[in-house]
Amino acid sequence: MNTNKHTELANHAWSVADLLRGDYKQSDYGKVILPFTVLRRLECVLAPTRDEVLETARTLNQDYDPEKFLRRASGHSFYNTTAYTLDSIANDSSHVAQHLKQYVGGFSSNAATVFEHFEFMRQIERLDGANLLYQVVGKFADLDVRPEVVSNHQMGYIFEELIRRFAEQSNETAGEHFTPREVIELMVNLLIAPDEDALSTPGAGRKVLDPACGTGGMLSAAHEHITSMNPDATVEVYGQEMNPESWAICRSDLMIKGQSPENIAFGNSFSDDGHYRQTFDYLLANPPFGVEWKKVKDEVEGELERLGEGSRFWPALPRINDGSLLFLQHMLSKMKPTDKGGSRVAIVFNGSPLFTGAAGSGESRIRQHILENDWLEGIVALPDQLFYNTGISTYFWILSNRKRPEYRGKVVLLDARDHWHKMRKSLGDKRKYVTVDQIAEITRLWGEALEVAGDEDHPLHGKVKIFDNRDFGYHRITVERPLKLRFEITEDTLAALGEARPVRKLDDPEGFVSALRPLLGKTWWAKDEAVLAIKDAVVEAGTTWPTGAPFGKALREAVGVRDPEGEVQTAKGAPEPDTELRDYENVPLDEDVEEYLKREVLPHVPDAWIDHSKTKVGYEIPFTRHFYVYEPPRPLAEIDAELKALEAEIQQLLGEVTE
């Protein structure tokens with residue numbers, strides 16, 4: 001089935017919107033169209049064995065569990081024990097609601113759960129009340145989605161197109177539901193291609209998890225990729241989704257394909273792990289970008305505090321307004337131990353997880369944990385404008401706890417931002433796509449990364465770089481400079497001193513300030529000289545001289561003025577740092593920080609030093625910096641010539657207008 005055909009079928013289903021207009025808000029169209037599309041697909045799949053199921057249900061001995069026999073009769077993991085079809089229901093206009101409810105109620109429990117999450121019964125009643133049910137049923141009875149016409153893979157395109165339209169009408173984020181197919185194909189290639197030899201062996205079996213599975217597009221692609229490499233391979237797919245419509249579509253898709261629908265859990269992966277203590281061979285996901293996790297904050301923080309290193313979220317948590325790295329932590333916790341074969345992980349991120357968070361932050365500590373465990377295999381930069389809901393740049397992170405020997409301790413950065421083709425017609429923010437040939441080239445580059453990076457004559461040498469894990473680590477050092485002050489009495493310093501708390505506590509604070517007025521305009525370059533002169537003035541005026549450290553601090557803050565030529569202030573015999581001159585530097589892990597100070601700092605500020613007590617270790621992956629290519633500005637003469645040419649053209653056009 002070509003693209004035009006699946007668009008035609010999606011248009012047929014969505015044309016029901018014309019019937020709903022007025023009685024339904026645009027944002028509610030999908031609540032009718034999606035479950036009816038699923039119902040029609042299930043009906044078409046079950047059609048060849050309908051009579052056999054009815055006969056089995058009629059003759060079944062009630063002493064036996066009917067599930068096993070009815071599933072065997074249907075040839076699927078689900079069935080329907082009624083004789084109804086959408087066509088037969090549409091032919092009895094006076095009993096449409098009654099018969100449709102009976103029809104849906106006749107499905108096996110695993111299929112019935114799908115319609116419960118669609119809240120389908122409520123929609124039946126609402127459509128019936130608006131006198132629309134008969135027309136809607138008739139419309140879907142004509143939708144030809146028989147398996148011999150529309151494959152499971154193609155049905156996925158139809159579901160995704162409907163989901164995209166539903167999301168647009170609802171002003172929702174389409175990216176929360178599904179990922180463009182060519183992006184999924186590339187992602188699955190990078191995840192699975194290195195295992196081609198292992199997967200081709202007889203009896204190969206793999207378990208795949210997507211903890212933010214949406215309608216199941218990634219799971220379907222992974223299943224198809226593995227079975228195309230080895231038709232005899234056993235592939236079990238698992239997922240979790242918190243959007244009820246997407247969950248219902250994914251679950252029904254698995255039923256149709258003969259997979260276990262119970263493998264698709266409903267709920268939030270963070271607070272209600274649907275695959276607790278399970279591990280998987282492959283894990284992949286496209287989690288929502290930049291979504292906060294405030295709703296599950298208590299559960300996530302509680303798990304980390306309670307289980308420590310045994311928590312999914314060890315060793316740290318990212319900031320509350322972006323849960324992207326939480327998904328990755330959740331996935332890494334479900335890798336198989338290396339002695340049981342290990343795992344590979346692929347996830348789609350925006351740029352934020354590469355560098356957000358300074359040394360010591362949650363994000364930095366998560367990156368450190370990943371790199372120090374040698375799990376990050378590499379990162380691929382994708383073109384912008386690939387996704388339906390955003391034009392921002394995105395990245396694949398590929399991770400594994402079973403790296404090939406030649407890649408251990410190393411990270412591959414692959415720049416695929418120029419691998420795209422312009423779409424003839426935009427879909428939302430999606431204006432670009434990756435062609436089949438480009439997918440093959442990126443996959444080949446990934447597999448040959450070491451060779452390409454080491455061959456300067458390779459045409460794509462500049463697109464691949466190899467780094468050691470420690471190359472992304474750094475020491476965040478605190479560079480201090482001494483506090484230098486001169487001391488003076490002005491109207492401003494007197495006002496500040498009069499407002500200081502130790503002075504306000506005196507019996508006669510105004511008298512204390514007045515005693516210093518004879519010193520107006522005086523300047524001292526040493527603190528001891530200033531204190532002595534100020535004390536003499538206070539004593540001479542017969543005013544009380546305050547004692548204690550708080551007054552000493554208040555006096556210095558009031559009359560001390562920062563001055564590069566001033567006296568260096570000390571505390572316990574050591575120079576006191578000036579907080580306003582404090583600076584921070586990131587020094588590569590393998591470089592001596594004192595040597596760095598001598599080379600980069602002291603030639604400019606000879607009195608600087610490092611406060612080693614404040615040094616922190618940080619990790620970031622500055623992808624763009626590593627692939628930056630300097631482009632010199634155009635020559636001024638060239639720019640000037642272009643401006644003159646434009647000016648002449650404008651003058652000519654103006655002349656034509658005035659003629």
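Heads up: numbering here begins at 1 and tracks the sequence.
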Does the side chain of F266 reach to within under 4.5 Å of the side chain of P244, using non-hydrogen atoms? yes
Would you check, one step at a time, whether the test side-chain hydrogen bond (donor to acceptor under 3.5 Å, both in side chains) holds for E441 with H419? CA-CA 9 Å; E441 183 171 66; H419 288 68; 2.9 Å; yes
Closest heavy-atom contact between D429 and G391? CB-N, 4.0 Å
Verify the neighbour count for atom OH of Y628: are there more than 12 heavy atoms of other residues, nucleotides or ligands below 6.0 Å? yes
Can you check whether K31's main-chain N or O pairs, donor with acceptor, with E119's side chain at less than 3.5 Å? no
Salt bridge (Lys or Arg N to Asp or Glu O under 4.0 Å) for R470 and D468? Distances and angles first, verdict last. CA-CA 5 Å; R470 287 178 61 85; D468 291 336; over 6 Å; no
Any donor-acceptor pair under 3.5 Å from S311 side chain to L307 backbone: no
Is there a side-chain contact between N401 and S343 (heavy atoms, below 4.5 Å)? yes
For the pair R41 and N152, evaluate side-chain hydrogen bond (donor to acceptor under 3.5 Å, both in side chains) and give the outcome as yes or no after the intermediate values. CA-CA 10 Å; R41 176 63 172 182; N152 291 330; 2.9 Å; yes
What are the two closest heavy atoms between E377 and S400, and how far apart are they? OE1-CB, 3.7 Å
Under a 4.5 Å cut-off applied to non-hydrogen side-chain atoms, are F118 and E245 in contact? yes
Would you name the heavy atoms of P288 and F327 that are closest together and state the gap between them? CD-CE1, 4.2 Å
Backbone of V434 reached by a side-chain donor or acceptor of H421 within 3.5 Å: no
W375 vs H369 aromatic rings, parallel, tilted or perpendicular, using cut-offs 30° and 60°? perpendicular
V348 and P287: which non-hydrogen atoms are nearest, and at how many Å? O-CD, 3.5 Å
Treating E182 as the side-chain partner and Y433 as the backbone partner, does any N or O pair qualify as donor plus acceptor under 3.5 Å? no
Under 4.0 Å between a side-chain nitrogen and a carboxylate oxygen: does that hold for D281 and R402? no
May I have the step-by-step check of side-chain hydrogen bond (donor to acceptor under 3.5 Å, both in side chains) for K340 and T279, ending in yes or no? CA-CA 10 Å; K340 294 185 178 180; T279 57; over 6 Å; no
Side chains of T435 and D437 only: does a donor on one sit below 3.5 Å from an acceptor on the other? no
Compare all side-chain heavy atoms of R40 with those of T37 and state whether any distance is below 4.5 angstrom. no
I want to check something: taking the side chain as every heavy atom from C-beta on, are V188 and M218 in contact at a cut-off of under 4.5 Å? no
Is the closest side-chain heavy-atom distance between Y282 and V235 below 4.5 Å? no
Quick one: does K463's side chain have a donor or acceptor within less than 3.5 Å of a partner on D418's backbone? no
With a 6.0 Å cut-off on ring centres, are F78 and F107 close enough? no
Testing E116, E241, E262 for salt bridge (charged side-chain N to carboxylate O under 4.0 Å, His left out) with R251, which one passes? E262
Got a salt bridge between E363 and R319, using NZ or NE/NH1/NH2 to carboxylate O under 4.0 Å? yes
Quick one: does Q329's side chain have a donor or acceptor within less than 3.5 Å of a partner on A316's backbone? yes
Please examine the side chains of M331 and P211, heavy atoms only from C-beta on, and report whether any two atoms are closer than 4.5 Å. yes
Kindly indicate, with the supporting measurements, whether the criterion side-chain hydrogen bond (donor to acceptor under 3.5 Å, both in side chains) is fulfilled by S324 and D322. CA-CA 6 Å; S324 298; D322 188 354; 2.8 Å; yes
Any carboxylate oxygen within less than 4.0 angstrom of a Lys/Arg side-chain nitrogen, looking at K334 and D273? yes
If every non-hydrogen atom of G360 is compared with every non-hydrogen atom of R365, which pair is closest and at what distance? O-CD, 3.6 Å
Student check: side-chain heavy atoms of T394 and V183 closer than 4.5 Å: no
